[in-house]
Amino acid sequence: MLDLNRLKALHAVHVYGSVGAAADALMVTPSAVSQQIAKLERETGARLMERSGRGVRLTDAAGLLAEHAERILALVETAEADFEALRGEVVGRLHVGAFPTAARGLMPVALSQLRDRHPDLLVQLNEREPERVVREVARGELDLGVVQDWQNRPMAIPDGLSKATLLDDIADVAVPADHPLADRREVELAELQGDQWISSSPGTVCHDWLVFTLRNAQVEPEISCMADEYPTHMALVAAGIGCSIIPRMGRGPIPEGVRIIPLMPRQTRRIYAVWRTDAARRPAIRAAVEALTQASRTQENAWAVS
């Protein structure tokens, strides 16, 4: 009989293309993945991996078995979802991925609520970029994802996934206190032509969106610094290094030396939860989406007060 964990290891190598990448996805060591596949070779009596240069590649037999493994793992997930739905209990494990701002701004409240209401549910949080979260939810490596896109640049959601909008997060521009526009009540991006910008790293959603949005406003982005944490952006703005567009959920305390100006037209990102449609019957999924929805309302109420 084929062992499910060994099939999962083989499938991960097939999807990610290497033992190391599969190990990262499964959160185990490369040695553990190799051992599982070696045991699977003994079970099947077939060679599944062979050396290719400095790495390894899957054989034709492994590719065939990996395709069957994908269907088997999907059936197992459906069976587990149906069984949990039948019991109606919020139990088991839930692997959740969230982009950094949501991991800090929404997940603590949501996780605390889930812990208090459903003590038999174990939630594991993984911080990821939105595109990676979507891929891993689609592949079954994550059960639930919290992702974002911008209203002027939406992200495609693959077939087989469902989503629920959590909140809209408005972005403002942060400028040094001595900036010529610092006392304005609102500003258009075109008025910031010639300014230096602070951006997230290339390849991230926020970097690509910033470049896209500035160029759409006929502003050529002159990026002086790149940092992935918004508090770092704020510190650099306070030092007079440049300007930054910062969503309100990522803003945090505003340091001395920074002025926040609303942008016209409004720049808004949408934050939503995604999960596999086949797993929607799981009470744990429904409970987690509900907790995230309530955490989002808490965040919106905090903005209204401030």
Side-chain angles (χ1 to χ4, degrees), residues 2-37 40 48-49 58 62-63 65-84 91-100 102-103 106-107 110-111 114 121-149 155-164 203-205 272-289 292:
L2 297 175
D3 182 90
L4 193 61
N5 288 325
R6 292 164 197 166
L7 288 176
K8 187 178 294 186
L10 177 67
H11 179 254
V13 174
H14 176 70
V15 168
Y16 289 99
S18 72
V19 170
D24 289 341
L26 297 174
M27 290 177 285
V28 298
T29 65
S31 175
V33 173
S34 296
Q35 289 174 18
Q36 292 281 37
I37 293 178
L40 191 57
L48 302 177
M49 288 198 308
L58 296 180
L65 187 56
E67 291 176 3
H68 285 292
E70 183 171 357
R71 291 191 290 271
I72 291 168
L73 293 171
L75 285 171
V76 169
E77 180 183 35
T78 300
E80 290 174 342
D82 287 345
F83 188 67
E84 285 187 28
V91 297
R93 289 177 177 267
L94 196 70
H95 296 274
V96 179
F99 66 96
L106 294 181
M107 292 308 305
L111 291 176
L114 287 170
L121 176 67
L122 178 62
V123 183
Q124 181 173 13
L125 174 63
N126 304 275
E127 189 176 285
R128 302 275 196 270
E129 276 292 299
E131 294 96 336
R132 182 176 174 184
V133 169
V134 169
R135 288 196 303 269
E136 293 187 357
V137 171
R139 290 170 176 168
E141 292 140 23
L142 293 173
D143 300 304
L144 182 71
V146 182
V147 299
Q148 61 143 27
D149 61 16
M155 178 172 57
I157 299 298
D159 292 340
L161 297 190
S162 297
K163 69 177 184 178
T204 61
V205 168
Y272 47 94
V274 294
W275 62 92
R276 288 180 302 286
T277 303
D278 288 345
R281 296 181 300 280
R282 289 186 63 189
I285 295 286
R286 296 198 299 271
V289 173
L292 284 164

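I157 is listed as a side-chain neighbour of V134, based on a closest heavy-atom distance under 4.5 Å. In this structure, the side chains of Q36 and V28 stay at 4.5 Å or more apart for every pair of heavy atoms. Proximity of L65 to L7: side-chain heavy atoms (C-beta onward) are separated by under 4.5 Å at one or more points. Two residues are said to be in side-chain contact when any heavy atoms from C-beta on lie closer than 4.5 Å; R282 and D143 meet this criterion. The shortest side-chain heavy-atom distance between M49 and V19 falls under the 4.5 Å cut-off.
The side chain to side chain contact (heavy atoms under 4.5 Å, CB included) test applied to T277 returns S162, not counting sequence neighbours.
No donor-acceptor distance shorter than 3.5 angstrom exists from the side chain of N126 to the backbone of G97, with no hydrogens or angles considered. With R6 contributing its side chain and Q35 its backbone, the two residues share no donor-acceptor pair below 3.5 Å. At distances below 3.5 Å, not a single donor-acceptor pair connects side-chain atoms of R276 with backbone N or O atoms of G160.
In terms of heavy atoms, A62 sits closest to L48 at CB-O, 3.1 Å. The nearest pair of heavy atoms linking A103 to A98 is N-CB, 4.1 Å. P30 and G20 get closest at one heavy-atom pair: CG-CA, 4.4 Å. Heavy-atom minimum distance, L144 versus V137: C-CG2, 3.9 Å. Contact detail for S18 and A21: the closest heavy-atom pair is OG-N, 3.1 Å. Contact between Y272 and A164 at its shortest, heavy atoms only, is CB-O, 3.0 Å.
If you take CD on E127 and CZ on F99, they are separated by 10.0 Å, rounding to the nearest 0.5 Å. A distance of 8.0 Å separates CG of L111 from CG of L292, quoted to the nearest 0.5 Å. With rounding to the nearest 0.5 angstrom, the CG atom of L122 is 8.0 Å from the NE2 atom of H95.
Here the rule is side chain to side chain contact (heavy atoms under 4.5 Å, CB included) with H11, and of E70, R139, H68 only E70 fits it.
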